Amino acid sequence: SFRGIPGYWVLSLIVYVAVFWWASPRLASVFSQAVDLEADLAPFARVFGVLERRSFRRHPGLAALLAPFRERTAKPSTATRRLARLVAALNVRAHPLAHLGLNLLGPWDLWFAERFRSLHGGIADRLPEWIERLGRFEAASALGHYADTHPQYLYPELEPSSPSADPITLEITGVGHPLLSAATRVTNDFSLRGLGATAIITGSNMSGKSTFLRTLGVNLCLAEAGAPVCAAQWRSPWMRLSCCIRVDDSLDGGISYFYAEVKRLKRLLDAAREPDAPPVFFLIDEIFRGTNNRERLIGSRHFVRALGEANCVGIVSTHDLELVKLETENGRIRTDHFRETVDAQGLAFDYRLRPGPCPTTNALKIMAREGLPVPEESGGREA
């Protein structure tokens, strides 16, 4: 009965081989893409499975956050299992004889490539949301663990900020750095009131200025992330944190330390001049340390005055004792200091924040202790 149509299967085979040959480069690309996607999703598969099985009935907030993981028609575990089966089917390419036989029997590669294309589209649509929800869940878990392991910390009082909320109030009592052990941690009180309020902090080397700035910055990040803070009391509005603490130069970019600092301070000032945004809480450590004394003092004065007129509050630490004179010309600027004492063992620091400019310095004392040539009377102020 087949004598009437001899050769038709040969024509079909030729057409099929031609189509297969034409599609081979694309099929190789699809295979590589499928293998890479499975490898990328494999670390998440078990985590997705755990989140799908948990109900979180006692935690409605988490239940709402993880709702996409429990959609019956679009569970991540379903997509990863289907992807694994497709990759296994496409892996037959590693066995040339079996690969050839299966593709002679039917369009094996073309069929599974098309199935992968459809599955890849669904994963591409949902994966960003899965990763974003997983990231938020991981962040909440980290903050919850932090709160559970630090029961002595308290949750801050955060007030909404708005252009009409002036004067804003920042009141902090007993604040310490959360990474320091309780046995060695020294706590301090600090407050600022009104937009433009600036505290200029002076003090000797190693007296605690930089650590105090980091203490406030880290605790503000914790407070606004929803975690407890290392303080006896914390009351502040919602603020944007902007820091100029650790500035690095760049050999590849041809940027010096001073130029990098100038660019950082310019971004800070631009943010502080946005009147309709939440106020900026700025932390500036050793302002303009990368230039000479004269220009550093001139630049610092004008920059601090500009901050005093902007939508911000914050702290500037400095070794320039002349800068504290700004307190006398602007009621929104005040000075605080850390100091050292000299005992039988040498320099000692209590890391306590005190009002007013620092009455002592220690640069020459440190030089003398290390054997550098300095005047015999080394108790004067630093230059």
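Nothing here was measured: the structure is a model prediction, and the numbers come from that model. Every heavy atom of this structure was used, including side-chain atoms; hydrogens, water molecules and symmetry mates were not.
- Between Leu283 and Leu213, the closest heavy-atom pair is CD1-O, 3.2 Å.
- One distance of note links CZ of Phe281 with CG of Leu192; it measures 6.5 Å at 0.5 Å rounding.
- Residues Glu274 and Asp270 come closest through the heavy atom pair CG-O, 3.5 Å.
- A salt bridge links Arg136 and Glu132; the closest N-O separation between the charged side-chain nitrogens and carboxylate oxygens is under 4.0 Å.
- When side chains are defined from C-beta on, Val313 does not count as touching Pro279, because their heavy atoms never get closer than 4.5 Å.
- Using bins of under 30°, 30° to 60° and over 60° for the plane-to-plane angle, the ring pair Tyr153/His150 lands in the parallel bin.
- In this structure, CZ in Arg354 is found 6.0 Å from NE2 in His337, a value given to the nearest 0.5 Å.
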Practice problem: In sequence, state the C-alpha distance, the side-chain angles, and the governing distance for Thr215 and Leu180, and then conclude on side-chain contact (heavy atoms from CB on, under 4.5 Å). | Solution: CA-CA 10 Å; Thr215 295; Leu180 297 177; 5.9 Å; no
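- Two residues are said to be in side-chain contact when any heavy atoms from C-beta on lie closer than 4.5 Å; Val218 and Pro178 meet this criterion.
- Considering only heavy atoms from C-beta on, Leu195 comes within 4.5 Å of Ile168 through its side chain.
- One distance of note links CZ of Arg305 with OG of Ser300; it measures 11.0 Å at 0.5 Å rounding.
- Side chain of Asn188 to backbone of Tyr351: a donor-acceptor contact under 3.5 angstrom is found.
- A 4.5 Å side-chain heavy-atom check between Phe282 and Val316 finds at least one atom pair inside the cut-off.
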Which donor-acceptor pairs under 3.5 Å do side chains of residues 44-52 form with protein atoms, sequence neighbours excluded?
from  : atom 1 : to    : atom 2 : distance (Å)
Glu52 : OE1    : Ser77 : OG     : 2.5
Glu52 : OE2    : Ser77 : N      : 2.8
Glu52 : OE2    : Ser77 : OG     : 3.1

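- Note on Lys325 versus Glu329: no salt bridge recorded, every NZ/NE/NH1/NH2 to OD/OE distance being 4.0 Å or above.
- The heavy-atom pair separating Leu353 from Asp189 by the smallest distance is CD2-O, 3.8 Å.
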Exercise. Any chance you could lay out the side-chain contact (heavy atoms from CB on, under 4.5 Å) test for Ile284 and Leu268, step after step, and finish with the verdict?
Key: CA-CA 10 Å; Ile284 305 173; Leu268 187 158; 4.0 Å; yes
Quiz item: Yes or no on side-chain contact (heavy atoms from CB on, under 4.5 Å) for Met206 and Glu340, after CA distance, side-chain angles and deciding distance?
Solution: CA-CA 9 Å; Met206 304 184 296; Glu340 86 287 344; over 6 Å; no
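- In this structure, Arg296 CZ and Glu322 CD are separated by 11.5 Å, a value rounded to the nearest 0.5 Å.
- In this structure, Asn311 contributes its side chain and Ala272 its backbone to no donor-acceptor pair below 3.5 Å.
- For the pair Leu241 and Gly217, the tightest heavy-atom approach, listed with the atom from each and the gap, is CD2-O, 3.8 Å.
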Practice problem: Could you go through the side-chain contact (heavy atoms from CB on, under 4.5 Å) check for Met239 and Leu170 one step at a time? | Solution: CA-CA 10 Å; Met239 297 183 290; Leu170 176 69; 4.2 Å; yes
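- Taken from CG in Leu216 to CD1 in Ile172, the straight-line distance is 5.0 Å, to the nearest 0.5 Å.
- Side chain of Asn219 to backbone of Gly176: a donor-acceptor contact under 3.5 angstrom is found.
- Applying the salt bridge (Lys or Arg N to Asp or Glu O under 4.0 Å) test to Glu157 and every residue at least two apart in sequence or in another chain returns nothing.
- Contact annotation: the side chain of Arg332 never approaches that of Thr198 to less than 4.5 Å [non-hydrogen atoms, C-beta and beyond].
- The shortest side-chain heavy-atom distance between Val280 and Leu307 does not fall under the 4.5 Å cut-off.
- For the atom pair CG of Leu134 and CG of Leu66, the computed distance is 8.5 Å after rounding to the nearest 0.5 Å.
- Under the 4.0 Å criterion applied to side-chain N and carboxylate O atoms, Glu224 and Arg240 are not assigned as salt-bridge partners.
- A donor-acceptor pair is defined here as one N or O able to donate and one able to accept, closer than 3.5 Å; no such pair exists between the side chain of Arg339 and the backbone of Phe349.
- For the ring-ring contact (aromatic ring centres under 6.0 Å, His included) test, residues two or more places apart in sequence or in another chain that qualify with Phe212 are Phe190, Phe338.
- Judged purely by atom type and a 3.5 angstrom limit, Arg185 uses its side chain to pair as donor or acceptor with the backbone of His177.
- Legend: residues meeting salt bridge (Lys or Arg N to Asp or Glu O under 4.0 Å) with Lys263, ordered by chain and number and at least two apart, are absent.
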Show which side-chain atoms of residues 225-235 pair as donor or acceptor with protein atoms under 3.5 Å away, not counting sequence neighbours.
from   : atom 1 : to     : atom 2 : distance (Å)
Gln233 : OE1    : Thr173 : OG1    : 3.2
Trp234 : NE1    : Ser236 : OG     : 2.9
Arg235 : NE     : Glu159 : OE2    : 2.6
Arg235 : NH2    : Glu159 : OE2    : 3.1

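- Closest non-hydrogen pair, Ser181 versus Thr184, comes out as OG-OG1, 2.9 Å.
- Arg133 approaches Leu65 most closely through the heavy-atom pair NH1-O, 2.6 Å.
- Between Asp320 and Ile287 there is no side-chain heavy-atom pair separated by less than 4.5 Å.
- No path of Ile, Leu, Val, Met, Phe, Trp and Tyr side chains, each step under 4.5 Å between heavy atoms, connects Trp238 with Leu143, placing them in separate hydrophobic clusters.
- Two different hydrophobic clusters hold Leu220 and Tyr155 under the rule that ILVMFWY side chains link at heavy-atom gaps under 4.5 Å.
- The main-chain N or O of Thr202 is never found under 3.5 Å from a side-chain atom of His319 such that the two would form a donor-acceptor pair.
- Listed by first and then second residue, the salt bridge (charged side-chain N to carboxylate O under 4.0 Å, His left out) pairs that reach into residues 193-220 are Lys209-Glu286, sequence neighbours excluded.
- Between Phe137 and Phe56, some side-chain heavy-atom pair lies under the 4.5 Å cut-off.
- Ile298 and Leu323 are not part of a single hydrophobic cluster, where members link through side-chain heavy atoms under 4.5 Å apart.
- The closest donor-acceptor contact from the side chain of Arg126 to the backbone of Pro76 lies at 3.5 Å or more, if one exists at all.
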